Structures are given as C-alpha cells and as structure tokens.
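Note sheet for the following structure.
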Amino acid sequence: MRYPQTFIDDLKRQADIVRVVQDYVQLKKKGANWMACCPFHKEKTPSFSVSPAKEIFYCFGCHKGGSVFNFVMEMERVAFPEAIKIVAEKSGMPLPKLIDDSRFEAKKAESDQVIELNKWALEWWEKQLESSAEARIARDYLKRREITDETRQTFRLAYAPDSWDALSIYLRQKGASQEQIDKSGLVVKKEEGGSYDRFRGRLIFPVMDIQGRPIAFGGRTLKDEDAKYINSPETSAYVKGRNLFGLNLTREEIRRQGFAILVEGFLDLVVPYQFGIRNVVASLGTALTSDQAKLLARFAGKVVVNYDGDSAGVQAAKKAIEILLAQDLEVKVLVLPDDADPDEFLRKFGLTEYQRQRAEAQSHIQFVIDQAVRNRNLHRPAEKADAVEEVLPYIRAVHSRIQKREYFDIAMDSLRISDLALRRELWHSLRLGPDSARTQQNIGKRTQVKPTVAEEQLLELLLADENLRHKFLPRMEPADYDDLPTAAIFRALIESERSGKEVDFDFLSKSTEGDPIADFLPALLMSTTDDAETEQTETRESSAQKCIDALRLMQVDRRISDLMAEMAAAERNGANELLDKLSTERLELARRRSTLLPQAQAVQTGQ
C-alpha cells in the first residue's frame, strides 16, 4: 500500500522546499538559490544550497542532496511514507487514503500516455500554425493582437485545423490506439459510437504543468461561434483547478519579486509577458481554487488581483480574495480605468502606465469596502447593515490578529460605524463566526436615526397647509430628503402634488408601507394643529424655508463627513489625484456651508 502518486506529485509541487528547509536551517538568499551551513556535517563556510526553481537541495561539501522528501528523511531519520506525512502537515495538505500499488502504476502509466499524446498533438498543431494555408486566419488574429513570433513560440501557441478527424488520423499514424485517444481528452465521444476531434478551427493555448509538460489545452474560436473558448476535460493528467497558466514560465520572476499578478484569461497573461511583465499567472478563466492559491503561495507572499472590471470580474475578484487570504497571502486589487482588461490596456497605454496603475493597486479591504458601499446609502440603516455584512467575511479570513484588527478599524470607519458597543459586538462576531441575521438586526437597531427637529417642524407645516405644499415641495430636491429617516413621507407628499391625491393617514400609510418611519405617522399627524390657520402666511413660509435650509446644512455636513472617510481611504491607497479632487470638493462644501449656516441657525436641528 502507498499514497497515490498523484498526491505525492501535488504535494511536491505545493510544498515550498525553501519554507520546509527553513524550519530546520537558517537560510540566506544568494542569487537564485538559498544558502546555509550544512545541517549534515560541520562547516564554517556555507556550502548547503537550496534551489526553489529545481525543487532540490545539495551540499557541495558532503554531497548530500535530493528533493524535499529526501531532506526530511535525512533530518527526521524517517522512511519515505513518514516524510510524506511530515511534508503534508507542514504544507497544510490532508493525507489521502493509501492505495494498492498496481492501481497507482496503471494510473501513472495512463497519465504519462495522455501527456505523450498531448505532446504529439501540440507539435502537429504548431506546424499547422506556422505553415498551413488554413491557419492564416489564426496568424492574422495574432497579428491584430500584436503577438510577436517570439511570444508565440514561448507559449507554444498553435492552430487546430477545422476538421472532424485530422488530429485523430495523425495520432493513429504516430502509433496511438483508439482507446488511448479516447482517454486523452483530445476527442469527443459520440453516443452512437466513434468520436470526433474536440478542437477544430481554433487557436490553441497549451496549459503546461510546472515542469513544462502539456497537460491540457484551451481553444479560442476564430469565427462567429457561441463558445468563445473550449477547454480540455479532466483526464488522468489534468485536474481542473490545480494548475496556473504560465507558472512554468514565470515562477522564478514571481519568487524574485516577491509578488504575483493574478489575471483571468490566456491573453491577459500572454500580452503582459510580451511587454516584459514576467511575474504574472492566470487562473485559466475559471474561479480561483484553493489548490491554485496553495500553489501560488509556494512562490509569492503577495498577490495583485487584476481581473476585468465588469460585474463578473468584480465578483470573481472578491471570491479570489477570500481564497488567497485563507493561504495567508497579502492581497491587493487592481481595477484598470474603464474596466479594461490587462491585454487591451497595455496595448493602448503601454507598460509605464500599467506599472503606475499597478503601484496604486488598492488593499483588498478597501476594494471590498468600495464594492460594498457602491449603490448603497449608508445613512439608511438597512443598507448600512447589508454593507457591513458584505465586508466582514473578508476581515474574518485574515489570519494575523494585528492585521485583522487594522482592517476591522478601517472598515468600521469607512462604513460610519461609530457606536462603540456595536463595534465591540462586531469584533467579537469575527471570532465566533458569522451570524448574518443577528448582525443585520443589531446594526439596524443601533444605526436607526430618529427624525430631527427640522424634519418634524417642516412636515408639520406642510401637512397642515396645502398652500405651503404647493409652494415649497416643487422647490425641494431629492438630495434635501433622501438621506433622512422621513424620506418616504417627503416622497409621498411630492407624489401627492403630482397626482393630486388627498393627503391623509390612509394615503401616507400606504405610501410608507414597509418603511420603519410608518410607525411615526400617527404622532406626526396628531402634532399637526389648526394653529396654521391663525398664523400669518409670511411666518409659516419663513419657518418652512428655515427648516429646508437646516436640512440642506445637515446634508452638507453629512457629505463632509463622508468626504473625510473617503480622503482617509485615498491617503491610505496613495491615490493622490483622487485625494486632490476630494479636497477640492470639501472646500466647495465648506463655502456652501457658510452661506447656509445663518439661515439654519434659527432651527434647532437636534444634531
């Protein structure tokens, strides 16, 4: 009995030999390798070397060397199976069940055969792209996308002829049996029997494992077809979600720079690579998986997520953030202007501008906060509760308690959670685990704002005097009342002016149904007296105008408060242009506030 070779291979890929060795020996970086005094013999001058690129260690003094497993076997004085357990534990990989050797050998042989057929197919497809007349459509496409011959050869881009069986015939001529071809994923089996070539008339992007062997393919259409890309199915050589496109070419640069840029699609990686950005990997156009994150963590401590800026890309980025944080990686997010993808942005604006944008990438927490507050009004308790609930999982996923607290404080400040008791409760919830219903309920209760004196006075005047409604409601703008607890009542009154409906309890109740302010209606209507009939018109109009001025002053103050939080976020992110823009807006609001203040001072706003 033994552990599955597929598991051992995966463990070897994901177990960073540098990290494992550092548990036993103090390593120092020297060029591409790491050096130390050998743990296996006494020496004063370091001759023990670890190569992360080759995934081996070697001592030039005592000549011991080998893989990460060999190192653990020597250090711990254990056999190979026990070394696998130790390395798995250090790498956070659960151990699978032991299997029969004969089953493993058969599966390994099948995997090797799939890779062999993939090699044959790729070599043949490469020749098609280089010389066949039919492949001119692919060559023209690459030319339009400004892909050079050098880049094409580096990534071994190819072309699959638009034929149902050309590849199958070629593979049989090379000596492959039909059974082997069927298991390779290069063909699609037909229900009535037989098969046909999976990739036809498509530009081929080979997916390599970390050793540079073709384990799968992606095929891009060059015509008007529904499926823009089709990909290899899972085979004995390829399991979806365990590999990263381009990592075989970029892993050393990623390790050297200490961070990776994570993109989505094939060309999102190929084009940056051609521009000289060599610390980039792609998640193969699918949602990032924990296996891919573990693999990436072997080479980098930081990741910049650069997915498309559209809705689907944002959701994919948020999912990737959670998975990357679970691997204790530092995460930033780069959303390019106009929601551009890296491919088109680089070809349009060039390397320098891309690198400038990348240097200003947001911290993951600021990105998540920005998405959470988008299209939400934080002055409305229910929407604030939704925003907090959306942000908390991305704080909970952070391992470091110090970083977790820092991100928590940033989020609470940005989301305007000032109640200290509520902040303590939310911090406590991060350790206990999510309780969505309770969190929403508590935020809703503690952030519920009571109507101000100015609101109540203005509504009492408007409800008591139809002529005041005719005169002042058309002057009011949505910004005057949208953020107020009584917004639903103001909207109902404005609707009554448009429709001519009578303003009474039934109309207002129906208009505010489902809004917490509906409970306030009886008290508001009861406070409306007949004094308006005896009070002079000028006095009522003056009172109404002062109330409106007071509400506008409060709106300006709220916007200034929001600006302060936005400016703090911009300063944290080093977004100097945005900071200047916000500062200018703040000055303009301060001037507006000074003009509103004298008119509003006569009204006790309650704030």
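None of the values given here were measured: they were computed from a predicted structure.
Of all heavy-atom pairs between F60 and S49, the closest is CE1-CB, 4.0 Å. Shortest non-hydrogen contact noted between A237 and I115 is CB-CG1, 3.8 Å. Contact record, I323 with A293: CG2-CB, 3.6 Å, taken as the closest heavy-atom pair. Across S184 and T235, no two heavy atoms sit closer than the pair O-CG2, 3.5 Å.
Residues L171 and I181 are in side-chain contact: their nearest non-hydrogen atoms beyond the backbone lie under 4.5 Å apart.
When only modelled atom types and interatomic distance are considered, Y141 and R145 share a side-chain donor-acceptor pair under 3.5 Å. No side-chain N or O of T154 forms a donor-acceptor pair with one of T151 less than 3.5 Å apart. S168 and D197 share a side-chain donor-acceptor pair at under 3.5 Å. The closest side-chain donor-acceptor pair between N70 and E74, if any, does not fall under 3.5 angstrom. Between the side chains of S283 and Y307, at least one donor N or O sits under 3.5 Å from an acceptor N or O. Side-chain atoms of E253 and Y273 form no donor-acceptor pair, as typed in the model, at a separation below 3.5 Å. Residues E43 and S47 bring a donor and an acceptor atom of their side chains to less than 3.5 Å of each other. For the residue pair D182/Q178, the side-chain donor-acceptor check at 3.5 Å is satisfied. In this structure, a donor-acceptor pair under 3.5 Å is present between the side chains of Y354 and N306. Checked by atom type, the side-chain pair E134/Y159 shows a donor-acceptor distance below 3.5 Å.
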I would like to know whether K183 and E179 meet salt bridge (Lys or Arg N to Asp or Glu O under 4.0 Å); could you show each step before the answer?
CA-CA 6 Å; K183 290 180 178 179; E179 181 183 5; 3.3 Å; yes

Let's go through D149 and Q153 carefully: what are the C-alpha distance in whole Å and the side-chain angles of both, what is the deciding distance for side-chain hydrogen bond (donor to acceptor under 3.5 Å, both in side chains) to 0.1 Å, and is it a yes or a no?
CA-CA 6 Å; D149 287 343; Q153 293 166 5; 5.7 Å; no

Start with the C-alpha gap between Y170 and E123, add the side-chain angles, then the distance that decides, and say whether side-chain hydrogen bond (donor to acceptor under 3.5 Å, both in side chains) holds.
CA-CA 11 Å; Y170 174 76; E123 290 168 359; 5.2 Å; no

side-chain hydrogen bond (donor to acceptor under 3.5 Å, both in side chains) evaluation trace for H364 with Q362:
CA-CA 6 Å; H364 87 272; Q362 290 181 300; over 6 Å; no

Start with the C-alpha distance between E55 and R251, add both sets of side-chain angles, then the distance that settles salt bridge (Lys or Arg N to Asp or Glu O under 4.0 Å), and finish with yes or no.
CA-CA 12 Å; E55 299 176 352; R251 59 180 180 173; 3.7 Å; yes

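The environment of K12 atom NZ is sparse: at most 12 non-hydrogen atoms of other residues, nucleotides or ligands sit within 6.0 angstrom. The neighbour count for E89 CD, taken as heavy atoms of other residues, nucleotides or ligands under 6.0 Å away, does not exceed 12. Few gaps surround CZ on R356; more than 12 heavy atoms of other groups in view lie less than 6.0 Å from it. Summarising the local packing, NZ of K42 is surrounded by 12 or fewer heavy atoms from other residues, nucleotides or ligands at distances under 6.0 Å. At most 12 heavy atoms of other shown residues, nucleotides or ligands fall within 6.0 angstrom of atom NZ in K54. Around atom CD of E191, no more than 12 heavy atoms belonging to other residues, nucleotides or ligands sit under 6.0 Å away. Around atom NZ of K332, no more than 12 heavy atoms belonging to other residues, nucleotides or ligands sit under 6.0 Å away.
Note on D343 versus R347: salt bridge recorded, some NZ/NE/NH1/NH2 to OD/OE distance being below 4.0 Å. Here E116 does not pair with K174 in a salt bridge; the nearest charged N to carboxylate O distance is not below 4.0 Å. Ionic pairing of D16 and R255 is present here: one or more N-O contacts between side-chain nitrogen and carboxylate oxygen are shorter than 4.0 angstrom. In summary, K223 and D162 engage in a salt bridge, as defined by a charged side-chain N under 4.0 Å from a carboxylate O. Using a cutoff of 4.0 Å between basic side-chain nitrogens and carboxylate oxygens, R19 and D23 are not scored as salt-bridged. Under 4.0 Å is where a charged nitrogen must lie from a carboxylate oxygen, and between E390 and K318 at least one such pair does.
Within the cation-pi definition used here (under 6.0 Å to the ring centroid, within 45° of the axis), R220 does not qualify as a partner of F266.
A centroid separation of less than 6.0 Å is found between the aromatic rings of W125 and F217.
Ring geometry, F48 versus F40: the interplanar angle exceeds 60°, so the pair is classed perpendicular (tilted spans 30 to 60°).
Rounded to the nearest 0.5 Å, atoms CD1 (I169) and CH2 (W124) are 8.5 Å apart.
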